[in-house]
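Single-structure report; data block below.
By convention in this document, chain letters (A, B, ...) are assigned in the order of the sequence lines, proteins followed by strands, and residues within each chain are numbered from 1.
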There are 2 protein chains.
Amino acid sequence: MKAVILATGTELLLGQTLNTSAHYLTGKLSSLGIEVDYHITVGDNPERVEAALHKALGCCDLLVTTGGLGPTKDDLTKELVAKVLGLGLELDPASLEQIKAFFAKRRGPMPAGNEKQAYFPRGAKILPNPIGTAPGAVIEQGGKTVVILPGPPFEMQPMFENHVRPELEKRLGRDAARMRVRVLKVFGMGESAIEEVLGDLMQRSDPGLALLAKRAEMHIRLVARSPQKDRALALLDGAEREIRSLLGDKVFARDEETMVGIVGRLLKERGLRIATAESCTGGLLGAALTREPGSSGFYLGGVVSYANAVKEGLLGVKQESLDSVGAVSEEVAREMAEGVRVRTDADLALSTTGIAGPDGATPEKPVGLVYIGLASREGVQARRFQFYGERESVRQLTVQAALDWVRRLLGPVGKENFVS
Amino acid sequence: MKAVILATGTELLLGQTLNTSAHYLTGKLSSLGIEVDYHITVGDNPERVEAALHKALGCCDLLVTTGGLGPTKDDLTKELVAKVLGLGLELDPASLEQIKAFFAKRRGPMPAGNEKQAYFPRGAKILPNPIGTAPGAVIEQGGKTVVILPGPPFEMQPMFENHVRPELEKRLGRDAARMRVRVLKVFGMGESAIEEVLGDLMQRSDPGLALLAKRAEMHIRLVARSPQKDRALALLDGAEREIRSLLGDKVFARDEETMVGIVGRLLKERGLRIATAESCTGGLLGAALTREPGSSGFYLGGVVSYANAVKEGLLGVKQESLDSVGAVSEEVAREMAEGVRVRTDADLALSTTGIAGPDGATPEKPVGLVYIGLASREGVQARRFQFYGERESVRQLTVQAALDWVRRLLGPVGKENFVS
């Protein structure tokens with residue numbers, strides 16, 4: 001199955017909005033084994049959108065559109081898809097009720113403009129939008145599938161997961177030559193180091209391997225193409241085993257798994273509660289730990305001790321330590337971690353203190369120098385890291401390194417012992 | 001001048017790499033007043049790249065390509081541009097020398113494959129690449145301009161700034177009808193409400209207005225087209241005044257300004273220090289306040305009191321309050337804000353407590369119910385908010401609403417008085 005993604009929205013063509021939807025959808029379609037041949041991005045201009053729809057339908061089996069479902073007269077995706085496919089538009093009363101309910105909940109009447117959001121090309125399967133007022137749609141015609149999705153990622157993504165993915169999986173049952181993709185996620189090694197360690201494996205073609213640098217991790221992408229699902233999966237499994245034997249526990253996750261997801265699961269399995277004391281990350285570590293629902297099961301909270309006075313006042317960091325070795329030091333990282341652990345009665349506590357930059361560096365303490373502390377009921381340790389990159393990269397790498405330490409401590413790899 | 005951006009690279013069509021180059025180039029071209037009509041992304045497939053080149057050259061004055069300049073046989077952008085324009089390829093000896101020097105510096109001979117990086121369509125102006133081995137090129141033919149750039153952003157961006165921008169500015173001198181863009185950012189009003197209040201203004205064509213929903217704010221984009229720069233700016237200024245008079249201080253920022261940037265500036269101007277006590281936002285508010293350099297000038301830190309025990313232990317929230325009205329309440333928001341303000345000796349303190357969802361709701365306390373507290377040396381207040389959307393939207397909206405309260409308190413609008 002060959003796909004085209006068509007993103008509409010003038011904001012995408014003014015450099016105002018990064019087209020994350022095309023990226024998201026491409027990743028999701030690839031993981032389903034659907035090859036994306038093109039992305040096309042076009043402004044809210046009827047002639048150009050229509051031309052792009054013709055072009056896309058001429059060369060693919062699956063067309064996914066995002067955007068152009070709003071209440072204004074610029075929003076024309078459904079109207080133009082209907083025109084190109086030769087279909088009329090029909091009111092869906094259930095969608096209209098839902099849109100009215102959306103406004104009723106906010107104690108207002110539905111503006112007249114929003115009524116058009118309840119009209120769809122005849123015969124479309126309607127995809128409800130519990131978050132906004134723009135339902136999506138799936139249309140089948142002449143062996144082609146058109147999926148119409150809203151533009152805002154926080155509306156589009158749940159709609160894809162809950163409604164589009166199951167529809168596509170039904171269709172894919174019939175499609176033999178699927179591409180299968182697996183992603184292994186690595187922390188603590190750079191691109192060149194991974195290439196060197198993997199050696200000949202990088203040259204193999206089935207599965208083909210590619211490296212991709214993300215802000216705070218590396219991804220190794222494995223792509224297998226085979227008409228038989230079992231054979232493709234066996235190829236991926238074999239390559240994954242080889243990679244893991246070479247990279248060891250630097251491989252921290254696969255596919256949708258995330259560092260914080262794994263750490264949360266490990267903490268819950270062991271019945272442990274964690275706390276945080278953050279300086280250079282300013283709350284990012286807590287924000288990461290609480291991003292997913294259920295985080296109250298393992299995260300207690302902590303202190304953002306940005307100013308030294310807060311390190312002393314709320315964490316009990318010693319003034320002598322701050323005066324002698326400074327806030328960015330192994331000693332202060334230890335005192336922060338132990339301070340927050342004791343004050344919250346946590347089983348584990350992480351601390352971060354470093355120079356995120358671009359200001360604040362000294363010859364001895366360059367930008368990217370970070371100390372991370374980890375306290376447990378048995379004792380406390382701190383480690384020194386030197387990260388590279390701009391401010392937000394240093395902060396994200398710090399969060400990732402802190403979580404990775406907990407993963408190694410609690411993970412099944414069992415190689416690390418906690419020694420105080 | 002109308003432009004198309006063509007990005008080539010299979011990694012862009014596997015969802016692994018976000019196409020930041022199209023976003024970067026679009027922003028740069030827009031700021032030069034060049035309208036981008038399309039982005040097209042296509043894999044390293046000769047037929048599809050050739051088809052895309054034909055399509056792009058058929059509808060634009062300026063085509064900018066990224067990617068496909070590497071040493072491998074998949075890298076075919078220059079070859080295909082030459083073919084489509086009917087030009088031969090010619091060796092550029094200076095480029096060859098530069099590529100050889102690149103390898104010599106790394107103590108290795110130039111691999112044979114890299115020689116092709118020194119060939120260009122006949123008559124091209126060559127753009128040196130001091131960072132990598134892929135020079136770029138500018139070609140003019142029949143009134144059209146083709147700019148060929150490398151894929152890696154850290155090679156492409158300096159090449160654009162140093163070589164392409166000056167070339168384009170020369171050409172634009174002759175081009176009368178340049179586009180000028182302004183963005184006004186709004187918090188606290190939805191898309192339909194803004195449309196209703198702006199009324200006829202939305203229908204105007206010079207400047208043209210468009211609304212764009214972001215996760216926690218709305219953007220109003222104004223586009224003016226005029227041969228005279230002064231006239232275009234006057235049109236934008238006039239429309240901005242009208243919009244501000246209708247929306248008042250709901251308009252919080254313009255163009256590159258951000259909510260947190262404005263709040264930071266206001267705090268610094270007044271010499272005030274702020275602290276935070278976060279429950280449902282889990283550290284996001286602190287992370288936002290510390291995102292930009294210089295935040296230590298106004299942010300002290302605070303407490304992430306995710307668990308009730310931490311609200312009591314580190315903030316002095318009363319157990320009676322937690323037992324009687326619960327953690328998500330006006331009373332607890334007030335106690336959190338005042339608790340952290342006193343403990344950090346801050347001038348101002350913000351607190352957040354709410355149901356981010358999807359779990360934890362009760363009939364009385366639905367998902368999206370959030371209390372925000374604001375304490376000053378004069379007293380403490382809390383406000384109730386009902387947000388809509390999934391977990392991360394509720395968290396982001398909470399951060400934005402908290403910052404917006406401080407903006408209104410300190411801002412030049414002077415409409416809000418702090419009453420305890």
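Residue Glu256(B) places its CD atom among 12 or fewer non-hydrogen atoms of other residues, nucleotides or ligands, all under 6.0 Å distant.
Smallest separation of non-hydrogen atoms from Pro358(B) and Pro293(A): CD-CG, 3.3 Å. When all heavy atoms of Thr344(B) and Val310(A) are compared, the pair lying nearest together is CG2-CG2, 3.9 Å. Minimum heavy-atom separation, Glu390(B) to Phe154(A): OE2-CB, 3.9 Å.
When heavy atoms are compared at a cutoff of 4.5 Å, Asn114(A) approaches chain B solely by way of its side chain, counted from C-beta outward. Residue Ala51(B) touches chain A through its side chain alone, counting heavy-atom pairs closer than 4.5 Å. Of the two parts of Asp37(A), the backbone and the side chain both hold a non-hydrogen atom closer than 4.5 Å to a non-hydrogen atom of chain B. Neither the backbone nor the side chain of Ala346(A) comes within contact range of chain B, judged by heavy atoms closer than 4.5 Å. Looking at Phe103(A), the atoms closer than 4.5 Å to chain B (heavy atoms on both sides) all sit in the side chain, from C-beta outward. At a 4.5 Å heavy-atom cutoff, Ser279(A) makes no contact with chain B through either its backbone or its side chain.
Side-chain atoms of Arg395(A) and Arg291(B), non-hydrogen and from C-beta on, do get closer than 4.5 Å to each other. At a threshold of 4.5 Å between non-hydrogen side-chain atoms, the residues Thr133(A) and Glu191(B) do not count as touching. Using a 4.5 Å heavy-atom cutoff, the side chains of Tyr38(B) and Arg48(A) are in contact. Arg221(B) places a side-chain heavy atom less than 4.5 Å from the side chain of Thr10(A).
The candidate with the highest count of non-hydrogen atom pairs below 4.5 Å against chain A, out of Cys280(B), Ala193(B), Gly294(B), Gly286(B), is Gly286(B). Note on Gly43(A), Ala356(A), Gly282(A): by heavy-atom pairs under 4.5 Å with chain B, the leading option is Gly282(A). Residue with the most contacts toward chain B among Met110(A), Glu292(A), Glu278(A): Glu292(A) (heavy-atom pairs, distance under 4.5 Å). Interface check for chain B: of the options Lys73(A), Lys105(A), Lys28(A), Lys55(A), the most heavy-atom pairs under 4.5 Å are formed by Lys105(A).
One distance of note links CE of Met202(B) with CG of Asp74(A); it measures 7.5 Å at 0.5 Å rounding. Here CD of Glu392(B) is found 7.5 Å from OG1 of Thr290(A). Values are rounded to the nearest 0.5 Å. The NE2 atom of His23(A) sits 10.0 Å away from atom OG1 of Thr20(B), with the distance rounded to the nearest 0.5 Å. Atom CZ of Arg343(B) and atom CG of Leu314(A) lie 8.0 Å apart (nearest 0.5 Å).
With sequence neighbours left out, the side chain to side chain contact (heavy atoms under 4.5 Å, CB included) criterion links Gln157(A) to Tyr24(A), Pro153(A).
Of the candidates Val42(B), Ile40(B), Leu13(B), Leu13(B) is the only one forming a side-chain contact (heavy atoms from CB on, under 4.5 Å) with His39(A).
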Which donor-acceptor pairs under 3.5 Å do the side chains of residues 296-306 of chain B make with protein atoms, sequence neighbours left out?
residue, atom, partner, partner atom, Å
Tyr299(B), OH, Thr276(B), OG1, 2.7
Tyr306(B), OH, Ser295(A), OG, 3.2
Tyr306(B), OH, Arg391(B), NH2, 3.0

